[in-house]
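Here's the structure, in structure tokens; my notes come after.
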Amino acid sequence: MNVLFATVEMYPLAKIGGLGDVAGSLPKNIRKLGVDIRVVMPYHRFIEADSEHIGNMKIEQEVYEIHHTTVDEVPVYLIKNEFLCKDKVYGYQDAMRWAKFSRVVATLPEFLNWDVDLIHMNDWMTALVPAYSIKGNVKFLLTIHNLKHQGKIELEQFTGLSLPENRKNELIWQGKINYLKGGIMLSDAVSTVSPTYAKEITTEEFGEGLHEILKKHRDKLYGIINGIDYEIWNPETDENIFANYSKDNLSGKDKNREAMKDELGIDDDKPLIGFVARLVEQKGLDIMLPVLKEINDAHIIILGTGREKYEKALKNMEGKYVHPIIKYDEKLAHQIYAATDMFLMPSRFEPCGLGQMIALRYGSIPIVRKTGGLADTVKDVSEEGWGFVFEEYRSEALRKALKRALEYYNKDAWDNLVHRAMKQDFSWKNSSKKYVELYKRIL
Ligand code: ADP
């Protein structure tokens, strides 16, 4: 089976959020199952890779250089073109950039003379690939990592896409050209990154305006939970943290906690809670901020960047118990997962969420809202699970869950809970098999 995996982020070449993590780990796990999967992505200007220029592709007047590299044994085609490749992944004329990229993806198999069975697209950035595809026998899977971003442009801009007029109707939604809607219409299957989110997005509350379309296509809608890269996220070998540890010997975890406390000037024995996320509404900051104001029985370490209003609000709360660190820092993220006792994810919605899975791997007990992938991966302690789960999107519900967690922390049972958490398996082993099953179903 030959699969082309199209993305604009891939760890470690380029990562902004969860999509980067997935693109960096899913293809290599699918490859282990015997599928010839290869990645195609833009050669962003900041990418450092040993690559080989294998030829040029010309589409209309534009020239695209095709470079080849390998990442963890996965072949990666890097597409170089001035309009496409910038100093950051996002934030330019993205709708037109990604349309051009999608056209390149659709044309790449012919250029390579490679018999591709299926193109696996990721989010709106590559949703137009089937619209540009000229080969009749290729199948398409569109994975939605975040429904909020859809790629919308005005109707008049349709001509700029260089698509045949008869494609227009499939792309129109609520008076605009909507890339993601087009991708949903034109793909053989659509998947999202957890079973619960796959159900949620057919409702008005979570559908981001596309729920009617998704409901109509629910027969081809699937939910497959993401995994995390167990080589990168491994407390037994992680070189970013202060001391290594395993579920059977947690003394290293204590060293990580102590090192973090020294760094932050904490001199009491109260538990540490971590929060590592983009600082946007999705992540539940609106219900979290009021709770932070009153916290005095634990320390919360916040690592993130995002909307200015949240960055400012958090900075203003810096004090004895609230430790905001406003930056993007991969190494520090590892240290926080390792040092903390609990990990907070009060998301308003969460397609999958990787933070809670990483936290479990590092024995940091997740406190989460029951939505999307959080509902699929964290079971409450009251049901012999490994986390603290609350339902309502309200500060009061979060406050109660936090209180339950802090009370539990003082019991002897805490160590058992940490052990149980670290025993859960959120590697790609199961989920990569599910993707291959889905590929087979489509073909
Ligand atoms: P999303 O994809 O919505 O951003 P996920 O939980 O799926 O959320 O994935 C977020 C990933 O990005 C995790 O690996 C998390 O550790 C990482 N991350 C988020 N913010 C930061 C930051 N400021 N510094 C380092 N890593 C971060």
Side-chain angles (χ1 to χ4, degrees), residues 7-12 14-26 89-90 122-125 143-149 192-194 196-197 200-201 206 208 223-235 238 240-241 273-285 288 300-308 310-311 314-315 323-340 343-362 364 366-369 371-378 387 426-428 431:
T7 178
V8 303
E9 298 180 33
M10 179 195 193
Y11 180 86
K15 166 180 157 178
I16 302 296
L19 169 61
D21 284 310
V22 172
S25 50
L26 175 59
V89 177
Y90 304 107
N122 292 280
D123 278 347
W124 72 274
M125 297 79 88
T143 296
I144 300 172
H145 301 260
N146 196 334
L147 190 59
K148 205 173 177 61
H149 307 291
T192 185
V193 288
S194 69
T196 296
Y197 193 62
E200 286 173 341
I201 57 177
F206 294 95
E208 303 285 350
I224 302 177
I225 196 84
N226 284 335
I228 53 170
D229 192 319
Y230 264 33
E231 285 159 29
I232 293 169
W233 301 106
N234 183 356
D238 193 334
N240 294 299
I241 62 179
I273 305 173
F275 178 90
V276 180
R278 292 178 295 117
L279 303 175
V280 295
E281 204 206 347
Q282 175 195 338
K283 299 296 174 183
L285 287 144
M288 190 171 120
I300 174 144
I301 305 162
I302 296 154
L303 175 63
T305 58
R307 284 193 65 180
E308 206 183 327
Y310 295 128
E311 291 188 354
L314 287 166
K315 270 190 214 149
H323 310 270
I325 306 162
I326 308 299
K327 63 173 171 178
Y328 188 92
D329 188 332
E330 198 81 42
K331 188 179 171 88
L332 186 55
H334 283 250
Q335 292 170 347
I336 292 174
Y337 289 111
T340 51
F343 193 81
L344 199 55
M345 278 183 88
S347 305
R348 207 167 77 78
F349 69 94
E350 196 59 78
C352 174
L354 300 175
Q356 81 283 13
M357 296 195 261
I358 302 171
L360 286 164
R361 179 102 164 123
Y362 283 76
S364 182
I367 302 169
V368 305
R369 184 163 169 261
T371 184
L374 297 172
D376 292 328
T377 53
V378 184
F426 293 109
S427 67
W428 274 107
S431 293

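Whatever order the structure lists ligands and atoms in, that order sets their numbers, starting from 1.
- Legend: residues meeting salt bridge (charged side-chain N to carboxylate O under 4.0 Å, His left out) with Asp21, ordered by chain and number and at least two apart, are Lys15.
- Residues Val193 and Ile224 fail the side-chain proximity criterion, which asks for heavy atoms closer than 4.5 Å.
- Between the side chain of Glu311 and the backbone N or O of Gly306 there is at least one donor-acceptor pair closer than 3.5 Å.
- Ring-plane geometry between Tyr362 and Trp233 is classed as perpendicular, the angle between the planes exceeding 60 degrees on a 0 to 90 degree scale with a lower cut at 30.
- Remark: Glu350 CD to Lys283 NZ distance equals 3.5 Å, nearest 0.5 Å.
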Between the protein and ligand 1, are there any N or O atom pairs that come within less than 3.5 Å of each other, and if so, what are their names and distances?
| from | atom 1 | to | atom 2 | distance (Å) |
| --- | --- | --- | --- | --- |
| ligand 1 | 2 (O) | Gly18 | N | 2.8 |
| ligand 1 | 3 (O) | Arg278 | NH2 | 2.7 |
| ligand 1 | 3 (O) | Lys283 | NZ | 2.9 |
| ligand 1 | 4 (O) | Arg278 | NE | 2.7 |
| ligand 1 | 6 (O) | Leu354 | N | 2.9 |
| ligand 1 | 6 (O) | Gly355 | N | 3.4 |
| ligand 1 | 7 (O) | Leu354 | N | 3.2 |
| ligand 1 | 8 (O) | Lys283 | NZ | 3.1 |
| ligand 1 | 14 (O) | Lys15 | NZ | 3.3 |
| ligand 1 | 14 (O) | Asp21 | OD2 | 3.2 |
| ligand 1 | 16 (O) | Tyr337 | OH | 2.8 |
| ligand 1 | 23 (N) | Lys327 | O | 2.9 |
| ligand 1 | 24 (N) | Asp329 | N | 3.0 |

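- Looking at Thr7 and Asn122, their side chains never bring a donor and an acceptor atom within 3.5 Å of each other.
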